[in-house]
Novice: 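Pasting in a structure now, in structure tokens, and then I'll have a few things to ask.
Proteins come first, then strands; the chains are lettered A, B, ... in the order of their sequence lines, and each starts at number 1.
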Protein chains: 2
Amino acid sequence: MTDPVVALSAFSTIPDGGLDDSEPMNGRVYATLRAQLMSGAFEPGEVVSIRSLAEKLGTSTMPVREALHRLIGDRALETRANRTIAVPLISRAGFRAIAEVRVALEGLAAERAAKHLSEAEIDRLDALTQGMAEAARLNEPQRYLALNTDFHHSIYRAAQNPVLLDLIEKLWVQAGPQFNFLFHTVGVPMRTIAPHEAIIAALRAGDGAGARQSVQRDISESIPDIVETLPV
Amino acid sequence: MTDPVVALSAFSTIPDGGLDDSEPMNGRVYATLRAQLMSGAFEPGEVVSIRSLAEKLGTSTMPVREALHRLIGDRALETRANRTIAVPLISRAGFRAIAEVRVALEGLAAERAAKHLSEAEIDRLDALTQGMAEAARLNEPQRYLALNTDFHHSIYRAAQNPVLLDLIEKLWVQAGPQFNFLFHTVGVPMRTIAPHEAIIAALRAGDGAGARQSVQRDISESIPDIVETLPV
DNA sequence: GAGCACAAACTGTGATCACAGGCTAGAGCC
DNA sequence: GGCTCTAGCCTGTGATCACAGTTTGTGCTC
């Protein structure tokens, strides 16, 4: 099975997943923790302490506290009333709020991407989708998730709007911990690849409006499955 | 003239503009610097150093470096190749990229707000707009800006989607330094209030689609004026 | 007078310490 | 036996120091 952290490194803003030695430690810690959050390594509601993370990562507390504060700014972590830092518990309403914004942003990104994607890149999207079908058949949820992430992210990157890409990533990081943790514990069902094939068809036709609609439907249809598994 | 920082505090996520003594110092420094960036207190391209800011704010370097790293995460500041921290210079393409996302997000927010705004709140929006007309007539750009910020932000708050509000604020903070600095130096022309009156009319009619269109037109029409003043 | 080199003064970063507040577990008392 | 208070541990936060890298400015040399 594909290592989820490594697989998700393609999703990180920072090349090489933040493993560059010349980069400051705080940035590397940030990239590492972000990837771990996205891969469901932390349980929603879990308290993360600066000192314990520093010990686990083999550094002093300084880089960790800077990284944690950045993640708090990203709403990927939150400070509680006691001022302890924890992984947010996302409510059903909160998840729907995120989904509503995702529909707007990722729809826009898909529409713009339709004008920039080359035939070769669309072929790659097709390969990713076929890989998802295989992962679903073999019941490999981690691989399924990694491929799905790569699929969507590749499209949004093709929109060639760094601001848009940045905000979409922020939303994924916000929902990621809850989503991915549920995915590999409770077990969210892996859906069919039909929505992705609709997206690919629209992209191949250069149909921006169609790509937008297909992506928006893909997101909207996935909401109930996930909301259902949320406790609140 | 209204103090821009105080006027903008209504725009901050943190109540009281972060002046609460019980709140940690790093949060107060963050709120202060964010407000100062939004009011154009820093020149785009200007290098801001941790130690000098700490001395100016009367604290040690610790709260400042945490605040600066949060602002870097918000893309309100950037680290240069030398690893010094500076206020970003936004290119014309960069400004258009932000505007494109603003159109999507603020259009969505306006549409949702149309379903929630009360008559009294719309009356307040009307009063803000009349104030802008007066500020334009009396040539008070700072007051004009503060009222404009309050106007838009009030609408987006009414959308009752905290995730959406958060992202919109992030975009304003990104563009704010460049925009507001240009505004009170080069002097961006103050526009007529016609677009705002169209927004108010749509909101009063509960016309979500109309509110979306009006807000999107308001943003789109303001772009050329600003882009024109950008150096690159 | 122009160019080069060295030194001083910055820069951000990592580490460490002290401290106040909150939580918990255990001992002592009723 | 059950309740309460206290002592100890853990939390994040602020401050301070050392260090490596870069920039800047000055003085010396050619």
Novice: Could you tell me which residues satisfy side-chain contact (heavy atoms from CB on, under 4.5 Å) with V103(A), sequence neighbours excluded, listed by chain and number?
Specialist: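 side-chain contact (heavy atoms from CB on, under 4.5 Å) list for V103(A), sorted by chain: Q216(A), I219(A), S220(A).
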
Novice: For residues 53-63 of chain A, dump all side-chain donor-acceptor pairs below 3.5 Å to protein atoms at least two apart in sequence or in another chain.
Specialist:
{"residue": "S60(A)", "atom": "OG", "partner": "M62(A)", "partner atom": "N", "Å": "3.3"}

Novice: side-chain contact (heavy atoms from CB on, under 4.5 Å) with E221(B): which residues, sequence neighbours excluded?
Specialist: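 Scan of E221(B) (side-chain contact (heavy atoms from CB on, under 4.5 Å), adjacent residues dropped) gives R191(B), P195(B), R217(B).
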
Novice: Going by the rule side-chain contact (heavy atoms from CB on, under 4.5 Å), which residues pair with A99(B) if we only count those two or more places apart in sequence or in a different chain?
Specialist: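 Partners of A99(B) under the side-chain contact (heavy atoms from CB on, under 4.5 Å) test: I223(B).
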
Novice: Classify every nucleotide of nucleotides 11-18 of chain C by which part a protein heavy atom approaches to under 4.0 Å, writing B for the base, S for the sugar-phosphate alone and - for neither, in 5'-to-3' order.
Specialist: BBBBBB-B

Novice: My understanding is that only residues two or more places apart in sequence, or in another chain, count here; which of them pass side-chain contact (heavy atoms from CB on, under 4.5 Å) with L108(B)?
Specialist: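 By the side-chain contact (heavy atoms from CB on, under 4.5 Å) rule, L108(B) matches E100(A), A104(A), R112(B), L164(B), R212(B).
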
Novice: Expressed in angstrom and rounded to an integer, what is the separation of L53(A) atom CG from dC10(D) atom P?
Specialist: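 It is 15 Å, rounded to the nearest whole Å.
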
Novice: Which whole-number value in Å describes the distance from R80(A) CZ to dC23(C) P?
Specialist: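 Distance check: R80(A) CZ to dC23(C) P gives 11 Å.
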
